[in-house]
Amino acid sequence: MGLDPTTLRSRLELKPKVGRLTDWTTWVSPFLISNVGKEKFHKSQHWGFCNNVSMLVSEDKPGIGGELLFGQKMKPKYSAFPKGIGSDAPSWVAFDKQVLSFDAYLEDEVPDKSQENYRIRRYKIYFYLEDDTIQVNEPELKNSGMPQGTFIRRHRISLPPPDEDQFYTVHHFNINIDIIFYGRTFKIYDCDTFTKNFLRKMGVKLNPPGQCPEDPYMKLRRETLDCMDPLRPYESFDTLKQFLEYDRKVLRFFCLWDDSASLFGDRRELILHYFLSDDTIEVKEVIPHNSGRDAMSLFLQRRKLPKYGPPGVYQPGQITDRTVLNVYSGLGENRVKGYLLDKYKLGKVDQEFYKDDDLFIGATINVWGRKVLLCDCDEFTKTYYKTKYGIENFTSILCKAPPPPKIERKFPPYTGFGSEEDSLRSCIGLRPTPHQKNFRKFVEKDSYGNISNILRFFAKLFTHKCADVDRLFVISYFLSDDTISIFEPIESNSGITGGKFLKRTRVKKPGQEVFKSELSEYIKAEELYIGAKVNVNGYLFLLLNADKYTLNFMEAHSDKFPMSSIELILQKLKEEESKSRELKQVLRAADSRLTKMVDYNTFRDIIMSLTVGKLTDHEVITLARHYQVPEDTKPDVNVLIAQAHEQLKKNAFENFERLNAICVYQDREKKTVLPSKYIRRLCKSSRLPLTDDLLASILSRFEDSKEQIDYESLFCTLNWRMNPVPELEAPSYLKETSNHDFLLKNKTLLLPNEEALREGPSRTGLFHKRIHSPNNFFALIGVV
């Protein structure tokens with residue numbers, strides 16, 4: 001054990017006695033002197049950290065307390081890399097993908113060969129910094145006859161004996177030194193730039209680079225090959241680079257070959273394809289329909305196109321890529337058979353072919369004697385020439401020929417057999433086909449749901465016969481196929497049999513020739529409006545009125561029906577500026593009760609007298625409908641009750657007393673009212689045979705402000721047995737519907753100012769501005 005430092009210091013300070021020779025160094029151990037101030041005396045363990053990873057380390061450990069003993073040396077296990085500025089990352093992270101590369105050669109003996117005694121073989125030595133592994137590769141040499149590539153696989157290589165227990169580190173490498181791997185001596189003569197910089201940073205003094213000696217056998221072989229001529233013709237044509245760079249890249253030009261000068265010739269459109277991968281050209285012809293030409297796949301097959309063609313007829317073998325000479329070596333036994341390349345190429349025929357720089361818009365090229373004009377190109381071709389040659393002008397040339405004059409086709413007149421369309425189809429082709437109807441129009445305009453797509457007009461005969469003056473008809477126009485049907489309502493004791501007057505068919509316009517070549521014209525929907533006279537097979541009808549669907553349809557499509565366009569009607573009224581004051585006086589006189597409304601007949605008479613025939617009846621109705629008093633959309637209570645009684649009678653429902661008793665039981669306060677939600681739920685649970693819409697309409701009429709319903713009054717009204725109501729009557733066709741019961745507010749006759757009139761109907765449609773100035777003039781009619 002060592003002494004305490006205090007005790008040791010006190011002993012060292014003792015002075016020797018007089019007359020006694022005493023030296024403290026004779027009894028103080030040097031080991032004790034070295035342990036002065038030491039506090040750790042443990043023996044190091046074999047487990048530790050290597051590159052910040054816990055693992056089993058080598059047996060070579062420091063002696064006591066983590067310090068080496070006297071005479072103990074640590075053998076380096078890994079390379080001592082220079083520490084840079086950074087984190088303490090593991091070596092495989094800090095030196096990842098960092099490799100030192102050295103150039104070396106090896107003298108390999110060649111026994112039993114007179115041509116050479118040794119051979120110089122070159123190698124690449126790679127030292128991986130992350131784990132001190134080494135790999136040796138031999139670059140492949142063409143026609144070497146030896147296996148080359150990886151000479152020593154990547155692993156840690158031990159030093160030569162007697163230090164075979166250690167491995168090569170980065171400190172063992174330098175330039176112009178010999179290094180031994182498994183008994184083979186490699187001479188390092190150079191390295192790359194990264195390796196030089198790395199070794200300098202580590203403090204290694206680099207030797208000057210050396211030279212690799214030339215292999216005598218390879219030198220002799222190269223000199224021999226240079227003096228020899230090939231026995232067989234060989235000349236390399238390197239087109240691989242062009243193919244790899246421009247494969248699948250094609251220039252496309254739109255061309256024209258004008259052959260109209262020759263007999264039976266014409267202008268023919270072509271498409272030229274230039275393949276950049278091998279400088280070949282392909283031409284296709286654009287054959288129009290019904291041209292009479294056979295549809296050929298190609299006008300010119302893909303090949304190189306000579307500039308000056310056709311050049312003539314050449315002998316076989318005259319056009320070749322290589323020029324060869326026959327070799328004659330006499331009649332001896334060792335004669336040589338074969339060919340040699342003609343270096344001077346005396347008999348070669350030179351040909352010039354079209355390149356990409358010869359093609360541009362406006363150029364005329366020779367396609368085997370045919371002058372082809374380049375008129376246009378595609379976007380890829382424009383980009384290619386703009387990038388490579390800097391061409392910016394790509395103005396196209398018109399290549400399409402002017403259209404030939406259209407020959408008017410004349411057809412024979414109609415014979416009278418069948419319809420005109422079927423008779424015309426027999427003149428178009430040898431094999432007659434049926435007439436194709438407009439199926440799309442039929443599908444779009446066919447009736448479906450509540451949309452009938454049928455225009456119905458109320459009309460009468462325009463005749464001087466007394467018996468036919470009062471006959472009324474219903475004219476239906478079907479928009480799906482432009483057909484018309486006429487029906488005459490049956491009137492009792494009239495002496496005329498009503499019913500179908502004209503079956504559904506298309507009606508021709510009057511005054512057309514029967515036997516003619518052109519198709520006949522038929523009555524269209526745009527020609528029908530209120531007040532129009534329609535001639536149907538000799539019968540002249542006057543259209544008196546139309547149903548609501550017809551008026552709504554025509555107003556929705558006012559571009560096709562100008563009589564229903566409110567803008568055009570207001571424009572006509574603006575022309576009567578001078579009669580505005582007169583109109584105001586007449587309207588005020590007609591509204592004697594100051595109700596601010598006027599009936600339709602009075603309004604019609606005033607407008608017709610004002611415009612003096614400029615407006616038709618249909619336009620007056622459109623104007624009145626536009627400014628009419630809004631109608632009450634809710635149906636009448638009596639109508640709803642009559643509909644409910646009709647459904648209840650059909651289902652024989654009479655359990656009203658039971659429903660009333662249930663309501664009395666639920667009415668705790670005896671007020672004879674219950675919430676409408678409960679009444680609705682009770683009717684549905686009792687299976688009252690009424691539709692949801694009808695039941696909701698009836699309950700809304702019996703509902704008060706607090707959403708309460710008097711159930712006694714409701715069920716008493718629905719009891720068709722105790723309180724019957726008259727049945728509903730269908731509207732009669734004979735009711736005069738030409739007189740509209742529109743009510744117009746008199747305020748609508750107040751006129752806007754002149755500025756609003758100048759801006760048109762869109763501005764005057766804002767009628768919330770009421771103007772009472774007498775200086776304003778009449779332009780239109782508005783409603784508040």
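Note on E421 versus R425: no salt bridge recorded, every NZ/NE/NH1/NH2 to OD/OE distance being 4.0 Å or above. With respect to the salt-bridge test (charged N to carboxylate O, under 4.0 angstrom), the residues K614 and E619 do not qualify. Look at D481 and R504 and you find a salt bridge, because one of the NZ, NE, NH1 or NH2 atoms lies within 4.0 Å of a carboxylate O, short of that distance.
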Determine whether S452 and Y549 satisfy the following criterion, side-chain contact (heavy atoms from CB on, under 4.5 Å), listing intermediate values before the conclusion. CA-CA 9 Å; S452 63; Y549 173 81; 3.5 Å; yes
With side-chain contact (heavy atoms from CB on, under 4.5 Å) as the test, would you mind laying out the steps for K574 and Q571 before giving the verdict? CA-CA 5 Å; K574 287 174 61 176; Q571 191 68 24; 4.0 Å; yes
Worked verdict on L502 versus S485 for side-chain contact (heavy atoms from CB on, under 4.5 Å): CA-CA 5 Å; L502 176 67; S485 68; over 6 Å; no
Just do the side chain to side chain donor-acceptor pair (under 3.5 Å) check on Y477 and D482 with the steps written out, would you? CA-CA 7 Å; Y477 187 91; D482 300 331; 3.2 Å; yes
Can you check side-chain contact (heavy atoms from CB on, under 4.5 Å) on I566 and L623, steps first, answer last? CA-CA 7 Å; I566 188 64; L623 185 64; 3.8 Å; yes
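The environment of K509 atom NZ is dense: over 12 non-hydrogen atoms of other residues, nucleotides or ligands sit within 6.0 angstrom. A 6.0 Å sphere centred on CZ of F442 holds no more than 12 heavy atoms belonging to other residues, nucleotides or ligands. By the 6.0 Å contact criterion, NZ on K460 is open, its count of non-hydrogen atoms from other residues, nucleotides or ligands being 12 or less. Counting non-hydrogen atoms of neighbouring residues, nucleotides and ligands closer than 6.0 angstrom, the CZ atom of F380 exceeds 12 such neighbours. Counted within 6.0 Å of OH on Y678, heavy atoms from surrounding residues, nucleotides or ligands total more than 12; the atom is thus considered enclosed.
Of all heavy-atom pairs spanning T415 and F515, the tightest one is O-CE2, 3.7 Å. Contact detail for L479 and A525: the closest heavy-atom pair is CD2-CB, 3.9 Å. The two atoms that bring R456 and T550 nearest to each other are N-OG1, 2.9 Å, heavy atoms only. Scanning both residues, A644 and L718, for their nearest heavy atoms gives CB-CD2, 4.1 Å. When all heavy atoms of I454 and S476 are compared, the closest pair comes out as CG2-CB, 3.9 Å. Taking all atoms of both residues into account, the shortest heavy-atom contact from S520 to Q512 is CA-OE1, 3.5 Å.
In this structure the side chain of I484 never reaches within 4.5 angstrom of the side chain of R506, judged on heavy atoms. Taking the side chain as every heavy atom from C-beta outward, I530 and L544 never approach each other to under 4.5 Å. You'll find the side chain of S686 stays beyond 4.5 Å of the side chain of N655, heavy atoms only. You'll find the side chain of L424 reaches within 4.5 Å of the side chain of F411, heavy atoms only. The shortest side-chain heavy-atom distance between C663 and T672 does not fall under the 4.5 Å cut-off. Proximity of I709 to L699: side-chain heavy atoms (C-beta onward) are separated by under 4.5 Å at one or more points. Between N535 and L540 there is a side-chain heavy-atom pair separated by less than 4.5 Å. The shortest side-chain heavy-atom distance between L615 and L573 falls under the 4.5 Å cut-off.
When the ring-ring contact (aromatic ring centres under 6.0 Å, His included) test is applied to F702, no partner is found at least two apart in sequence or on another chain. F457 pairs by the ring-ring contact (aromatic ring centres under 6.0 Å, His included) definition with nothing, not counting sequence neighbours.
Of the possible donor and acceptor atoms, one in the side chain of K516 sits under 3.5 Å from a partner among the backbone N and O of E513. Of the possible polar contacts, one joining the N552 side chain to the K548 backbone as a donor-acceptor pair under 3.5 Å is found. Side chain of S291 to backbone of I287: no donor-acceptor contact under 3.5 angstrom is found. Side chain of S423 to main chain of S419: no donor-acceptor pair is present (N/O by atom type, distance under 3.5 Å, no hydrogens or angles). N723 contributes a side-chain N or O that, together with a main-chain N or O of C716, makes up a donor-acceptor pair within less than 3.5 Å. Formation of a donor-acceptor pair under 3.5 Å by the S685 side chain with backbone atoms of L682 is found in this model. Put simply, the side chain of H645 never gets that close to the backbone of R721: no donor and acceptor are under 3.5 Å apart.
Using a 30° and 60° split on the angle between ring planes, Y529 and H618 fall in the perpendicular class, above 60°.
For the salt bridge (charged side-chain N to carboxylate O under 4.0 Å, His left out) condition, no pair includes a residue of residues 703-714, sequence neighbours left out. Listed by first then second residue, pairs satisfying side chain to side chain donor-acceptor pair (under 3.5 Å) with a partner in residues 660-670 read D667-Y711, E669-K671, not counting sequence neighbours. A side chain to side chain donor-acceptor pair (under 3.5 Å) check over residues 553-562, counting only residues at least two apart or in different chains, returns the pairs E555-R625. Legend: side chain to side chain donor-acceptor pair (under 3.5 Å) pairs involving residues 461-471, not counting sequence neighbours, sorted by first then second residue: D468-R471, R471-E488.
We find the NZ-CD1 distance between K684 and I679 to be 14.5 Å, quoted to the nearest 0.5 Å. Going from atom CD1 of I698 over to atom CG of L714 covers 7.5 Å, rounded to the nearest 0.5 Å. Separation of atoms NE2 (H435) and OG (S426) is listed at 13.5 Å; rounding is to 0.5 Å. Between atom CG of residue L640 and atom CG of residue D693 there is a gap of 11.0 Å, rounded to the nearest 0.5 Å. To the nearest 0.5 Å, atoms OG (S564) and CE (M554) are separated by 4.0 Å. Rounding to the nearest 0.5 Å gives a distance of 11.0 Å between CG of L674 and CD1 of I662.
Ring centers of F501 and F487: at least 6.0 Å apart, outside the cut-off. Aromatic ring centres of F656 and F653 lie closer together than 6.0 Å.
Taking the centre and axis of the six-membered ring of F541, the NZ or CZ atom of K533 falls outside the cone set by 45° and 6.0 Å.
With respect to I475, the side-chain contact (heavy atoms from CB on, under 4.5 Å) criterion is satisfied by exactly one of V507, L528, I486: I486.
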